[in-house]
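Everything on this sheet refers to the single structure shown next.
These numbers were taken from a predicted model, which means no experiment stands behind them.
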Amino acid sequence: MAGPAVQSGGAPHVPVLLRPLLEAVAPVTGTWIDGTLGAGGYARGLLEAGADLVIGIDRDPLAHDLARDWGAVYGDRLRLVLANFAQMDTVAEAVDGVVLDLGVSSMQLDRAERGFSFMRDGPLDMRMGQDGPSAADIVNTAGEAEIADILYLYGEERASRRIAKRIVAARPITTTLQLAEIVQGCLPRAKPGQAHPATRSFQALRIAVNGEYDALWQGLMAAERALKPGGRLAVVTFHSVEDRMVKRFFQLHGDRKTHVNRYGDQSLEATEPFEVLTRKAIGPDDRELAENPRARSAKLRVGRRTEVPARAIAAAELSMPEMTRKR
């Protein structure tokens with residue numbers, strides 16, 4: 001068995017909710033897509049659990065660089081694809097399972113030069129794919145109203161207008177700690193145990209830079225198209241908006257309906273593309289929280305693909321936040 005993946009600085013990468021995920025999707029056989037490869041925690045877990053092939057998709061070249069080291073032991077059982085998981089159905093079809101771990105990866109947070117963390121000083125970047133406009137481009141060129149909309153819609157930051165006004169007044173802003181200090185100065189001091197005051201603002205900018213909500217919307221539909229009947233979709237989220245989108249997706253595209261005919265016989269017939277396997281989201285237990293504090297806000301939802309044909313779903317049906325004001 002391969003050892004744990006290692007982050008920069010020698011710290012082992014601990015995938016969130018891996019144990020309950022593997023239990024929920026068991027048995028793990030055939031071909032699986034890990035649509036958010038990151039440091040490889042889920043891909044490794046799937047391979048160790050019995051997957052014949054794991055297709056690791058990630059838009060971040062760093063994830064692929066790391067996988068060349070830890071993935072060598074798996075040989076041709078691991079296939080790497082540099083892409084956005086929103087296009088996973090163009091990479092493979094009729095797969096046995098799809099796993100998505102949403103949000104920022106610990107391998108990105110741990111590297112100051114990537115500009116994701118308000119705890120480490122680095123260039124204000126936040127680009128997962130390392131292309132397109134950066135967070136610095138947004139905070140230094142967007143209008144005050146647009147910045148406020150981003151912070152409110154994508155980060156659920158109630159002080160969005162106050163923070164946006166302070167950001168515009170402080171331009172140019174080029175580093176993570178510079179932005180964190182600006183945000184922190186607009187909010188009350190955090191009490192022990194509370195999140196850093198800049199958490200929501202950094203989350204919002206990261207989501208805007210990487211189009212994460214749009215990728216999730218498109219990715220859920222792509223997973224529906226890529227899965228074969230009986231295949232499982234497992235999604236781990238870290239904040240309320242993502243979880244709401246995934247929950248709504250399974251509500252609208254999930255469940256099996258029981259029909260009673262005129263003779264009184266009951267039959268279980270699939271009427272939706274998924275059977276929901278987790279009626280309530282699965283969170284971390286005490287053991288996991290002790291091993292990995294990052295898991296405290298994580299939620300897992302799982303569904304099994306039926307034979308009902310895939311169909312599109314509108315972003316608005318998932319309650320997906322959408323920007324209406326353009327630069």
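Contact annotation: the side chain of V235 never approaches that of F249 to less than 4.5 Å [non-hydrogen atoms, C-beta and beyond].
Taking both residues in full, the closest heavy atoms of S117 and T176 are given as O-CB, 3.4 Å, listed atom of the first, atom of the second, then distance. The two atoms that bring G56 and H64 nearest to each other are O-CE1, 4.2 Å, heavy atoms only.
With sequence neighbours excluded, the residues forming a side-chain hydrogen bond (donor to acceptor under 3.5 Å, both in side chains) with S240 are E156, listed by chain and number. Qualifying salt bridge (charged side-chain N to carboxylate O under 4.0 Å, His left out) partners for R161, counting only residues two or more places apart in sequence or in other chains: none. Among residues two or more places apart in sequence or in another chain, the side-chain hydrogen bond (donor to acceptor under 3.5 Å, both in side chains) test is passed with E212 by R206. Annotation: side-chain hydrogen bond (donor to acceptor under 3.5 Å, both in side chains) contacts of R301 (sequence neighbours excluded): D243.
For the ring-ring contact (aromatic ring centres under 6.0 Å, His included) condition, no pair includes a residue of residues 127-148, sequence neighbours left out.
To the nearest 0.5 Å, atoms CG (L151) and CG (L205) are separated by 6.0 Å. Interatomic distance, CG of D58 versus CG of L37, reported as 5.5 Å (0.5 Å rounding).
We find that E272 and R305 are not joined by a salt bridge, their nearest charged nitrogen and carboxylate oxygen being 4.0 Å or further apart. Under 4.0 Å is where a charged nitrogen must lie from a carboxylate oxygen, and between D60 and R114 at least one such pair does.
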Considering only distance and modelled atom types, tabulate donor-acceptor pairs under 3.5 Å from the side chains of residues 17-30, sequence neighbours left out.
{"residue": "R19", "atom": "NH1", "partner": "E291", "partner atom": "OE1", "Å": "3.4"}

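For E93, the CD atom sits in a loose shell: 12 or fewer heavy atoms of surrounding residues, nucleotides or ligands are nearer than 6.0 Å. Within 6.0 Å of the CZ atom in R296, the count of heavy atoms belonging to other residues, nucleotides or ligands does not exceed 12. More than 12 heavy atoms of other residues, nucleotides or ligands lie within 6.0 Å of CZ in R171, so this atom counts as buried by the packing criterion. Under a cut-off of 6.0 angstrom, the local environment of OH in Y152 is sparse, with at most 12 non-hydrogen atoms contributed by other residues, nucleotides or ligands.
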Let's go through D76 and R79 carefully: what are the C-alpha distance in whole Å and the side-chain angles of both, what is the deciding distance for salt bridge (Lys or Arg N to Asp or Glu O under 4.0 Å) to 0.1 Å, and is it a yes or a no? CA-CA 7 Å; D76 58 7; R79 174 185 164 199; over 6 Å; no

